[in-house]
Amino acid sequence: MSNDKSLKYDFSAIERKWQRKWQENKTFQVEIDRNLPKYYLLEMFPYPSGRIHMGHVRNYSIGDVIARYKRMNGFNVMHPIGWDAFGLPAENAAIKNNSHPAKWTYENIDYMKSQLRKMGFSYDWNRELATCDPEYYRWEQLFFVQLYKKGLIYQKVTTVNWCESCRTVLANEQVIDGCCWRCDQQIIPREMNGWFFKITDYADELLDWCDKLTGWPDKVLTMQRNWIGKSLGAEVDFPVDGWDESLKIFTTRPDTIFGATFMSIAPEHPLAAKLAQKNGLQKEVSEFVEHTRSARQQQNPDVEPEKEGIFTGGYAVNPYTGDKLPIYTANFVLMEYGTGAVMAVPAHDQRDFEFAHKYDIPIKVVIQPPGAELDAATMTEAHEGPGILVDSAGFSGMDSAEAKKAITSHGEEQGFARQRITYRLRDWGISRQRYWGSPIPMIHCPRCGVQPVPEDDLPVELPTDVTFAQSGKSPLHDLESFYKTSCPKCGGEARRETDTMDTFVESSWYYARYCCPGERREPLRREAVDYWLPVDQYIGGVEHAILHLLYARFFTKILRDLGYLGIDEPFADLLTQGMVIKDGTKMSKSKGNVVDPDDLVQQYGADTVRLFSLFAAPPERDLEWSDKGVEGAHRFLHRIFRFVMDKREMLQNAGNGPVAPAGGPERDLHRKTHQTISKVSRDFASFHFNTAISAIMELMNFLSAGAGESSKTIPADFVIKEAVEAIIQLLSPMAPHFCEELWEQIGHKSQLSESRWPVFDPEAAREDEITMVVQVNGKLRGRLSVSAGEDEEKVKEMALAEPNVGKFIADKTIRKIIVVKDKLINIVV
RNA sequence: GCGAGAGUGGCGGAACUGGUAGACGCACUGGCCUUAGGAGCCAGCGCCCUCGGCGUAGGGGUUCGACUCCCCUCUCUCGCACCA
């Protein structure tokens, strides 16, 4: 190889050159254009933690391929990026370094932005946003105030999930296996006042739309459905003996109500203390409640604690039977779900069964499964399935489904029961006792109560002149210049809310704000959001299957109902990509198996890194990192580079030959080229980038075998040129700088990014000669070369005449011959 | 326990509606070229003893034909987990 500098693949010079050109030419800036179909591609925006990691590289490489592919196919593609910039790490870093979260955050953004630029992603940087910018978060304060006025936000004191190491409260979705989603510390329950979004008002709509989100993976939809956890049942009032109020319970099994032998209520249930007091069991019951509370705090989330309970001394009356049922308080009953009280049917509920055995409570069978005869005395576990009712007064003989309806409506008529739907989903608690977030725009007035900040006074800016305590306590709580204010109603002295919003609020609507960069008068411009939304393709990690994706769906609906959006769902299609792993486990600093994108880009260039991360695995699967594999990708680019540069003069001068070469090496290469265009286009449509790349590699192998130095029958220049241009274009979404450079080198004056995707010609791709497989009894015995569409009888004859086939059918009778056109012949003997 | 998904060479992974299992790449082996090569080129590469046989976690089944469809078992990953 010569030492000519221009023949060397100098990736860093090439990458710098094209990144500059794209920027100068504003190649990826878009505006509303009603003459083109729009395509909004979005990847989950990063938290500015300091540096990008391989997970980002993979996520954004996948997205960039799609964005560039769609552009080349004539779409008006919006591909924005920004920063999920509020959050705890910034605050913790500030405490540690005696600095400020804003400084830390913006420095990280600067650095990570330079990293993303070096990867060559086709972002419209004009639309960049950072959620910690008052120009961003001011709008969610406006939403907050408007939602509060609409009654969709409220304040309550409740048991919350407290993370001591983060010194803040977490939403239910942010608790994973009883631990904090961020720091993995065990959470502890704590009574606190906080602000809640009424996501439960939208539970049904969120659930119903799960069936309509056809572009989402089933896995994610299933997780969301389970999280919402809708159950249909009945609420029944059990009068409490000698008390003027009744005990409300929720059950999904009204058909078993005649089998109830006791009642269980949550330890926190107000009735527990009341009954105990009345019956002189105060001491015992309060000890039990205290004991349960502390046990719950220390409980190992992996093991189910043993059922425990204590009699409260009170009795409830089953309104269907008149039976007096003892009321227990039990550790397995949850105050947060349903009504915090259940009827206990030991014969048909495993938990009640275990409890009844332990405390020697009677068991009464009221459901008989088909083909069996249950006996309360001998059963070893509850029968939870359906069956035929027995010992249930007028309902005996009905099956479970029928009885559920009949028993509920009987109760409805009598006024002590009603149909009820219960959800597992709880309202979204968004108060965070930390500094680095959007202030909650509310004012506490000792006279007028809670008042929203008037819309004209927004935003409530996060003060920057603060100092941080080592404890992590938010400086806002003690910052008089911040919290001291006047009541918007009476003008008297009042106190500002000092909690900030959960950062998932910011990420719930950023996708919409990208449509309206720089808009200062209103949060969203209808014209822009109506044109761009919904996001056509959203891409991110599956770890957000519930958290972010559920919140964003909810937010879309409330913004729609406030009149800001005209869509029901934010993301039409969703792709959840797998993790990047190395040596069998997730890359992480603690395991010491991280690969730094900067090092790789320096060593091999961004195009190689992108190519490998797309080649090594299909997007939804985990990707096992391999340093050797990266070298392989790099070698492939080298091979193309050498081949093209060797033939540069020829390629610049090659004319256009006949549209369809008649035969010989021209026809063969022309065919392979079009087969590749077809394969790659199909693979792109289904995001199978790994197989698309291997198809391009095949074409390259075919080309260098046929048109290389050693080949005897070199195809005409114009066909080689066609193949080379196809390779460059097909590869360009994955290795964009590299392909732009070669495109220019072979004589193109305009940018490859502006070119149109090659057109597939089915006629060119058609095979004339086909290899058919000959089987005897399904085993491969020979091959046959025939012209495409060859007659069936002729093919049979040829197959039987094959010498190797003859060996296997010699002394046997042929029973059947199956011919699959252009594919195979199976001779059954 | 419940729900979802997945098990294919030494490795990452291919295989369209059932029709040549292992594309493409990595690793490995041999050769060429070279002062050298971690560069490049050529060839080989599922397993077993030659004709041939066996092979897609294991066992059954449907079919002329099964990685693909059906049943059972095992393993792994992920999600939910006393939700009444």
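First the proteins, then the strands, lettered A, B, ... as listed; each starts at 1. All values below were derived from every heavy atom in this structure, side-chain atoms included, with hydrogens, water molecules and symmetry-related copies excluded.
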Practice item. Look at the side chain of A/Lys307 against the base of B/rC82 and say whether a donor-acceptor pair falls under 3.5 Å; ignore hydrogens and angles. Key: yes

Point to revise | From B/rA15, B/rG12, B/rC80, nucleotide with atom closest to A/Ala616 side chain | key: B/rG12

Practice item. Take the protein atom CD of A/Glu624 and the nucleotide atom P of B/rG13, then report the distance between them rounded to whole Å. Key: 8 Å

Review point. Which whole number of Å gives the distance between the P atom of B/rA14 and that of B/rG7?
Key: 10 Å

**Study point:** Distance, C1' atom - from B/rC16 to B/rU68, rounded to whole angstrom
**Key:** 11 Å

Review point. Does the ring-ring contact (aromatic ring centres under 6.0 Å, His included) test come out yes or no for A/Phe684 and A/Phe689, once each step is laid out?
Key: CA-CA 6 Å; A/Phe684 270 24; A/Phe689 308 116; 5.6 Å; yes

Revision key, fill the gap. Of A/Thr771 and A/Met223, the one whose nearest nucleotide on RNA chain B sits closer to the 5' end is A/Thr771

Review point. Would B/rG38 be called syn or anti, given that syn covers angles within 90° of 0?
Key: anti

Practice item. Using a 4.0 Å cut-off on protein heavy atoms (strictly under), produce a 5'-to-3' string for nucleotides 46-57 of chain B with B for base contact, S for backbone-only sugar-phosphate contact, and - for none. Key: ------SSS---

Review point. Does A/Arg621 place a side-chain N or O at less than 4.0 Å from the phosphate oxygens OP1/OP2 of B/rA14?
Key: yes

Exercise for review: Validate the cation-pi geometry between A/Arg351 and A/Phe332: distance from NZ or CZ to the six-membered ring centre under 6.0 Å, angle to the ring axis within 45°.
Suggested key: no

Exercise for review: Kindly indicate whether a cation-pi arrangement holds for A/Arg420 with A/Phe250, taking the cut-offs as under 6.0 Å to the six-membered ring centre and within 45° of the axis.
Suggested key: yes

Practice item. Please check if any side-chain donor atom of A/Arg553 sits under 3.5 Å from a side-chain acceptor atom of A/Gln224, or the reverse. Key: yes

Revision key, fill the gap. Any strand, both distances under 3.5 Å, Watson-Crick or G-U wobble: B/rU17 pairs with none

Check your understanding: Going from OG1 on A/Thr771 to CG on A/Leu824, what distance comes out if it is rounded to the nearest 0.5 angstrom?
Key -> 12.5 Å

Point to revise | Verdict with reasoning, A/Met587 to A/Trp625, per side chain to side chain contact (heavy atoms under 4.5 Å, CB included) | key: CA-CA 9 Å; A/Met587 277 190 186; A/Trp625 194 261; 3.7 Å; yes

Review point. Is A/Leu334 touching bases, backbone alone, or none of the nucleic acid, heavy atoms closer than 4.0 Å?
Key: base

Point to revise | N or O in side chain of A/Asn701 less than 4.0 angstrom from B/rG25 OP1/OP2 | key: yes

Point to revise | Span that lies between the P atom of B/rG9 and that of B/rC47, in whole angstrom | key: 11 Å

Review point. Looking at B/rC83, B/rG19, B/rA84, which one has an atom nearest to any side-chain atom of A/Arg424?
Key: B/rC83

Check your understanding: To the nearest angstrom, how far is A/Gln350 atom CD from B/rA81 atom C1'?
Key -> 15 Å

Practice item. With the side chain of A/Val342 defined as its heavy atoms from C-beta on, choose the nearest nucleotide among B/rC83, B/rA84, B/rA15. Key: B/rA84

Point to revise | Any A/Asn690 side-chain N or O less than 4.0 Å from OP1/OP2 of B/rC24 | key: no

Study note, to complete from the structure: When rounded to whole Å, the NZ to P distance for the pair A/Lys404 and B/rA84 reads 10 Å

**Study point:** Length of the line joining A/Lys219:NZ and B/rC2:C1', which is rounded to integer Å
**Key:** 15 Å

Exercise for review: Using the P atoms only, state how far B/rU50 lies from B/rG1, rounded to an integer number of Å.
Suggested key: 47 Å

Review point. When the ring planes of A/His638 and A/His634 are compared, do they come out parallel, tilted or perpendicular, using 30° and 60° as the limits?
Key: perpendicular

**Study point:** Who pairs with B/rG1 - Watson-Crick or G-U, where each distance is under 3.5 Å
**Key:** B/rC80

Practice item. Select one nucleotide: of B/rA14, B/rC24, B/rA81, the one nearest the side-chain heavy atoms of A/Phe615. Key: B/rC24

Check your understanding: Now, which nucleotide makes the Watson-Crick or G-U wobble pair with B/rG40, with each of the two distances under 3.5 Å?
Key -> B/rC32

Revision key, fill the gap. Rounded to whole Å, NE2 of A/His348 lies from P of B/rC82 at a distance of 23 Å

Check your understanding: Do A/Arg418 and A/Asp237 pass the salt bridge (charged side-chain N to carboxylate O under 4.0 Å, His left out) test, and can you show the C-alpha distance, the side-chain angles, and the key distance before you say yes or no?
Key -> CA-CA 9 Å; A/Arg418 58 216 65 91; A/Asp237 306 329; 2.7 Å; yes

**Study point:** Pairing partner (Watson-Crick or G-U wobble, both distances under 3.5 angstrom) of B/rG46
**Key:** B/rC54

Review point. Measuring from A/Thr329:OG1 to A/Phe288:CZ, what's the distance to the nearest 0.5 Å?
Key: 5.5 Å

Study note, to complete from the structure: Pairing partner of B/rA6, by Watson-Crick or G-U wobble and under 3.5 Å for both distances, is B/rU75

Point to revise | Phosphate contact (B/rC83 OP1 or OP2) by A/Arg351 side-chain N/O below 4.0 Å | key: yes

Point to revise | Euclidean distance for C1', B/rC71 against B/rA23 (whole angstrom) | key: 32 Å

Review point. If every non-hydrogen atom of A/Leu574 is compared with every non-hydrogen atom of A/Pro217, which pair is closest and at what distance?
Key: O-CD, 3.5 Å

Practice item. Treat primed atoms plus P, OP1 and OP2 as sugar-phosphate and everything else as base, then score nucleotides 61-69 of chain B 5' to 3': B for base contact with protein heavy atoms under 4.0 Å, S for sugar-phosphate contact only, - for none. Key: ---BS----

**Study point:** Stepwise ring-ring contact (aromatic ring centres under 6.0 Å, His included) check, A/Phe262 with A/Phe355
**Key:** CA-CA 10 Å; A/Phe262 64 103; A/Phe355 194 88; 5.3 Å; yes

Review point. Between A/His548 and A/His544, what is the ring plane arrangement, given parallel below 30°, perpendicular above 60°, and tilted in between?
Key: perpendicular

Practice item. Rounded to whole angstrom, note down the C1' distance from B/rU34 over to B/rG44. Key: 23 Å

Review point. Quick one: is A/Thr422 getting a side-chain N or O under 4.0 Å of the B/rA84 phosphate, OP1 or OP2?
Key: no

Review point. When the P atoms of B/rC42 and B/rG53 are considered, how many whole Å apart are they?
Key: 34 Å

Review point. Contact class for A/Gly338 (heavy atom, under 4.0 Å): base, sugar-phosphate, or nothing?
Key: nothing

Check your understanding: Just how far, in rounded Å, is C1' of B/rA39 from OH of A/Tyr9?
Key -> 16 Å

Exercise for review: In whole angstrom, give me the gap between the C1' atoms of B/rA57 and B/rG52.
Suggested key: 27 Å

Check your understanding: B/rU77 P sits how many Å from A/Glu543 CD, rounded?
Key -> 18 Å

Exercise for review: Could you tell me whether A/Val345 contacts a base, only the sugar-phosphate backbone, or nothing, with contacts defined as non-hydrogen atoms closer than 4.0 Å?
Suggested key: nothing

Practice item. Would you indicate what A/Arg635 reaches in the nucleic acid, counting non-hydrogen atoms under 4.0 angstrom: base, sugar-phosphate, or nothing? Key: sugar-phosphate

Practice item. For A/Lys628, report the nucleic acid contact type (base, sugar-phosphate, nothing); a contact means any heavy atom under 4.0 Å. Key: sugar-phosphate

Review point. Does any N or O in the side chain of A/His348 come within less than 3.5 Å of the main-chain N or O of A/Ile367, such that one atom is a donor and the other an acceptor?
Key: yes

Revision key, fill the gap. Interatomic distance, CD@A/Glu698 vs CG@A/Asn701, rounded to 0.5 Å, equals 7.5 Å

Review point. Looking at B/rC83, B/rC82, B/rA84, which one has an atom nearest to any side-chain atom of A/Asn331?
Key: B/rC82

Check your understanding: Which base, if any, makes a Watson-Crick or G-U wobble pair with B/rC11, both distances under 3.5 Å?
Key -> B/rG25

Review point. A/Glu620 CD to B/rU77 C1': how many Å, rounded?
Key: 15 Å

Revision key, fill the gap. Comparing A/His688 with A/Tyr337, nearest RNA chain B nucleotide closer to 5' gives the residue A/His688

